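For reference, the structure I am asking about is given below.
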Amino acid sequence: MKFSATALCFLASLPASYAWGSLGHETVAYVASNFVNSETKAFFQDILHNKTDSYLAGVATWADSFRYTAAGRFSAPFHFIDAEDSPPSSCGVKYSRDCGEQGCVVGAIQNYTTQLLDPNLDAGHRNMAAKFIIHFVGDIHQPLHDENLDRGGNSILVTFNSVQTNLHHVWDSNIPEKLIGGYSLADAEKWATALTIAIKTGVYKPLAKSWLEGMDLKDPVSTSLAWAEEANHFVCSTVLPLGKEGIEGKELSGDYYEAAVPVIQLQIARAGYRLARWLDLIAAGLKTEL
Ligand SMILES: *[C@@H]1O[C@H](CO)[C@@H](O)[C@H](O)[C@H]1NC(C)=O
Ligand SMILES: *[C@@H]1O[C@H](CO)[C@@H](O)[C@H](O)[C@H]1NC(C)=O
Ligand SMILES: [Zn+2]
């Protein structure tokens, strides 16, 4: 594909990204829709006003557009938790230290889960809370959403296929898109199908049950903090194994890409599988309230 000079300038002017790209989020959503039970599916199709099989994937990136609107600016810090650790020698997330006054992804998952469980929540806020949960469970599984260093890698300049970009963007988009060969909704659905098979009968089958350990609807902070902690550990092992100095200015589409792919596949699969269970718990939890 050839980009015109104008297109490249346009891309360079986009705001720093803080989320899996659309491919990652939509894939997480499709994996989740492959695992939720039928009551959950009907429940969220109703809340999201969409009866198609894309009812989750279709809203998976809404939160990334909303944050750039005046009405949605308050939600910008909800997409990450800035772990003030010291990769690569020491990784770790602490809620009290790392969740800022403006909020963070762990607090947001708690907030919008609690809202969804309130039987008196109005339809508009219920719709918004659902869209936030679908998005944030994806974000928290991206290692650089659980890292403070250089604004989650947004300020670490690197190249990918000889094009200048930053480390955060490489994890959000360049690596997934190179792996799948596109970023359309259909690409996401295809990737999700492959991950779903891996969970049901393939490499992830022996692991999938353990991914749900510790999930507690009554304690969304501990639940999601464990996910953040798990993803953050990849910052030390795979994202920045040689520290910032070891990566700055480097070309990442070769060996670095090869090492990152298994982590990205695993994290997207985990996020989708956990999102399915979380939505199941919310739907069942609300039913007992009503
Ligand atoms: C449901 O979502 C899909 C994916 O975004 C979209 O193509 C479709 O038009 C939506 N359907 C309705 C009724 O909104
Ligand atoms: C909880 O959600 C509401 C509604 O979106 C928002 O105004 C508030 O800032 C959120 N609080 C936290 C702690 O995330
Ligand atoms: Zn996001």
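None of the values given here were measured: they were computed from a predicted structure. Indexing begins at 1, ligand by ligand and atom by atom, following the structure's order.
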Checklist line | Close residues, ligand 2: non-hydrogen atom nearer than 4.0 Å | finding: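 Within 4.0 Å of ligand 2, the protein residues are F74, F78, N111, Y112, Q115, M128.
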
Next item on the list: Flag this pair as yes if the NZ/CZ of K250 is under 6.0 angstrom from the six-membered ring centre of Y256 and inside a 45 degree cone about the axis; otherwise no.
Entry: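 Cation-pi check for K250 and Y256: fails.
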
Check: Among T61, D172, D139, which one satisfies side chain to side chain donor-acceptor pair (under 3.5 Å) with H25?
Finding: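 That would be D139.
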
Next item on the list: Run through T193, L56, L195 and flag the one making a side-chain contact (heavy atoms from CB on, under 4.5 Å) with V31.
Entry: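 Passing option: L195.
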
Next item on the list: Could you tell me which N, O or S atom of D64 is nearest to the Zn ion (ligand 3)?
Entry: OD1

With a cut-off of 3.5 Å and sequence neighbours excluded, list every side-chain donor-acceptor pair involving residues 201-212.
unit_1 : atom_1 : unit_2 : atom_2 : d
T201   : OG1    : I197   : O      : 3.1
Y204   : OH     : L266   : N      : 3.3
S210   : OG     : L207   : O      : 2.7

Notebook entry, point to check: Between F66 and S75, is any pair of side-chain heavy atoms under 4.5 Å apart?
Noted result: yes

Notebook entry, point to check: Around D122, counting heavy atoms of other residues, nucleotides and ligands shown, do more than 12 lie under 6.0 Å from its CG?
Noted result: yes

Item checked: Atoms in ligand 1 with a heavy atom of G58 nearer than 4.0 Å -> 4 (C), 5 (O)

Checklist line | ligand 1 atoms in contact with T52 (distance to a heavy atom under 4.0 Å) | finding: 1 (C), 2 (O)

Margin query: Under 3.5 Å, is there a donor on one side chain and an acceptor on the other for T40 and D280?
Written below: yes

Result block: side-chain N/O donor-acceptor pairs under 3.5 angstrom for residues 85-96, not counting sequence neighbours:
unit_1 : atom_1 : unit_2 : atom_2 : d
D85    : OD2    : G92    : N      : 3.1
D85    : OD2    : N232   : ND2    : 2.9
S89    : OG     : S86    : O      : 3.1

Margin query: Restricting to N, O or S, what is the name of the atom of D139 that lies nearest the Zn ion (ligand 3)?
Written below: OD2

Checklist line | the Zn ion (ligand 3) - closest N/O/S atom in H79 | finding: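 Minimum-distance N/O/S atom of H79 relative to the Zn ion (ligand 3) is ND1.
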
Check: Near N50, which atoms of ligand 1 are under 4.0 Å from a heavy atom of that residue?
Finding: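 In order of numbering, the contacting atoms are 1 (C), 2 (O), 3 (C), 8 (C), 10 (C), 11 (N), 12 (C), 14 (O).
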
Next item on the list: Tell me, please, which residues at least two apart from S224 pass side chain to side chain donor-acceptor pair (under 3.5 Å).
Entry: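 Partners of S224 under the side chain to side chain donor-acceptor pair (under 3.5 Å) test: none.
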
Check: Do you know which N/O/S atom name in H135 is closest to the Zn ion (ligand 3)?
Finding: NE2

